[in-house]
Asker: 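One structure, as structure tokens, below. Some questions next.
A, B, ... follow the sequence lines: proteins, then strands. Residue 1 opens every chain.
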There are 2 protein chains.
Amino acid sequence: MAQKNVISLDKIKVACRDCSLSTLCLPMGLRPDDVDRLDAIVKRNRPLQRGDHLFRAGEAFRNLYVVKTGAVKTFTQTNEGDEQVVGFHLPGEVLGLDAIQDGQHGCSARALETTAICELPFDRLEDLSSNIPSLQHQMFRLLSKEISHEAEMMALLGRSTAEERVASFLISLSERFKRRGFSATDFFLSMSRQEIGSYLDLALETVSRLFTRFQDEGILKVERKHVQILDLERLNGMVVHPTNVERHHANPST
Amino acid sequence: MAQKNVISLDKIKVACRDCSLSTLCLPMGLRPDDVDRLDAIVKRNRPLQRGDHLFRAGEAFRNLYVVKTGAVKTFTQTNEGDEQVVGFHLPGEVLGLDAIQDGQHGCSARALETTAICELPFDRLEDLSSNIPSLQHQMFRLLSKEISHEAEMMALLGRSTAEERVASFLISLSERFKRRGFSATDFFLSMSRQEIGSYLDLALETVSRLFTRFQDEGILKVERKHVQILDLERLNGMVVHPTNVERHHANPST
DNA sequence: CGTAGCTTTGAAGATTTTCAACCTTAGTGG
DNA sequence: CCACTAAGGTTGAAAATCTTCAAAGCTACG
């Protein structure tokens with residue numbers, strides 16, 4: 001036990017610097033000593049292999065998880081036995097936020113490839129947040145960000161043709177890779193066409209066909225899991241963007 | 001000023017008891033004096049009329065809002081000028097949680113009918129949360145609940161035929177009315193077919209047709225905005241429910 | 001090298017949207 | 001009090017989109 005702690009204390013800091021730290025702290029700085037206090041509660045486990053579960057629907061909620069490297073999918077299963085992909089989680093992104101609510105995971109999470117994870121015991125995170133106002137603020141922002149992100153996803157699933165959905169999906173991946181320092185135009189999909197389809201509510205064949213079409217149109221180069229975006233502008237042009245400015249058409253009440 | 005405060009102090013408590021209180025406090029009790037401290041920051045404005053804005057996309061975020069009576073829709077506008085309904089908010093439900101993230105509202109909110117609202121200044125709520133651990137916990141739960149709720153919505157939009165979507169929509173309304181003490185089987189829709197369609201990503205005609213069909217099948221009685229659910233069981237049977245138990249089919253990794 | 005698991009592609013079928021017309025209700029003003 | 005209008009709702013038919021079913025190709029792994 002003691003030994004494990006000694007070993008992990010160093011590792012923890014390293015782990016924290018590149019995952020929980022960037023997620024929880026960077027957006028609005030904590031004081032260095034507060035960062036250390038946060039570091040101290042982070043746990044880092046051995047990497048997950050492709051197909052390993054991070055948690056399962058119905059399990060008790062204890063930790064938030066931050067993806068360090070690799071990729072994770074979250075999903076539910078319907079009473080008809082098939083899987084519904086709820087989300088894909090890339091490095092720097094947090095899982096488990098939906099489970100705070102009732103202390104139980106509402107979906108399962110599995111590694112799509114070899115994946116390193118940081119573990120944040122939620123009860124300790126709450127204690128810490130009580131004592132560090134700026135951490136509390138970060139936590140609120142983190143949760144809020146997740147809400148915004150899902151609202152965006154809904155808007156995407158909401159107003160979209162298959163073309164728009166696949167385009168949005170690729171743009172989303174591109175932006176998320178970019179934010180974490182990877183190439184925005186050349187990356188590998190860690191998920192199958194099936195999983196993409198489940199996520200976007202499209203048949204896997206439709207996803208495949210769209211990839212092919214985008215390639216024919218010179219927008220992409222796709223070779224199985226390897227995607228290169230050749231014309232990001234045209235891809236962007238396919239999706240309907242929400243504006244922040246409300247247009248004034250006759251207001252029913254005034 | 002002084003007079004306004006005197007007047008509002010009483011009103012506030014009443015307002016709080018039936019909106020922010022039930023949302024923020026009831027799920028896991030705060031101590032009575034803490035409830036009073038929460039009460040003290042709640043503001044209550046004059047009711048909104050149908051069509052009035054509660055906030056607009058792009059505005060600075062200052063407050064969370066709790067619907068006391070009535071109904072509110074949130075929506076964005078696309079660069080093509082049409083409106084995308086993001087959510088409907090019934091009594092007891094909270095708006096604005098997505099805006100904590102970057103201090104700016106990402107969608108607009110408008111009253112669908114005459115609506116009373118409680119206003120919670122977020123900065124004061126944060127201060128209070130720092131000092132009242134159980135309130136902080138409630139806030140985390142509240143945010144998490146919103147995430148879960150949106151994940152559910154995504155799952156709904158995700159794996160659904162038009163029939164499932166409309167059925168789920170009605171079930172959702174039914175449950176939310178029930179939770180707040182209204183009839184679960186007899187209610188008025190405060191939104192138009194157009195708005196329902198926008199929310200569910202269906203043409204308004206499709207929504208209308210489904211209502212008609214459900215009525216022909218004896219599941220509903222619909223007369224414009226007035227809906228009666230005659231066979232909730234059959235309605236439930238239409239939607240694919242997520243299970244909490246993950247089925248074991250061949251695990252790709254083991 | 002063979003098999004299993006993705007992926008791609010084609011063609012038929014189902015669902016949903018679009019366009020258009022018509023109906024109903026509530027509100028307005030003659 | 002009634003006709004008129006505007007907004008929302010319903011209904012039908014054609015067109016577009018997406019799914020399903022089926023078959024075949026490709027890769028990776030043992």
Asker: Would you mind reading off the distance between R224(B) atom CZ and dC23(C) atom P, rounded to a whole angstrom?
Answerer: 14 Å

Asker: What integer distance in Å separates H226(A):NE2 from dT27(D):P?
Answerer: 15 Å

Asker: Tell me the interatomic distance from R193(B), atom CZ, to dT24(C), atom P, rounded to whole angstroms.
Answerer: 15 Å

Asker: Rounded to whole Å, how long is the line connecting atom CG of L220(B) with atom P of dT10(D)?
Answerer: 12 Å

Asker: Could you state the CG-P distance from L204(A) to dT19(D), rounded to the nearest angstrom?
Answerer: 10 Å

Asker: Between E205(A) and S192(B), which residue's closest nucleotide on DNA chain D lies nearer the 5′ terminus?
Answerer: S192(B)

Asker: Please determine whether side-chain contact (heavy atoms from CB on, under 4.5 Å) holds for the pair F187(B) and I229(B), giving the CA-CA distance in whole Å, both sets of side-chain angles, and the decisive distance to 0.1 Å.
Answerer: CA-CA 9 Å; F187(B) 47 84; I229(B) 299 178; 4.0 Å; yes

Asker: Whether K225(A) contacts dT7(C) is assessed here as follows: a side-chain N or O lying under 4.0 Å from the phosphate OP1 or OP2. Is that the case?
Answerer: yes

Asker: How is L202(B) classified with respect to the nucleic acid when contacts are heavy atoms under 4.0 Å: base, sugar-phosphate, or nothing?
Answerer: sugar-phosphate

Asker: Rounded to the nearest angstrom, tell me the gap between atom CZ in R50(A) and atom P in dA28(D).
Answerer: 13 Å

Asker: Send over the distance from E164(B) CD to dT15(C) P, rounded to a whole Å.
Answerer: 13 Å

Asker: Which label fits F188(B) and H226(B): parallel for a plane angle under 30°, tilted from 30 to 60°, or perpendicular past 60°?
Answerer: parallel

Asker: Measure CZ/R209(B) against C1'/dC19(C) and give the value in whole Å, please.
Answerer: 11 Å

Asker: Regarding T206(A), tell me which of base, sugar-phosphate or nothing describes its non-hydrogen contacts under 4.0 Å with the strands shown.
Answerer: base

Asker: Ignoring hydrogens and geometry, is there a side-chain-to-backbone donor-acceptor pair from S148(A) to D98(B) under 3.5 Å?
Answerer: yes

Asker: Restricting to ring-ring contact (aromatic ring centres under 6.0 Å, His included), what partner residues turn up for Y65(B), sequence neighbours left out?
Answerer: F55(B)

Asker: dC6(C) phosphate, OP1 or OP2: any side-chain N/O from S208(A) under 4.0 angstrom?
Answerer: no

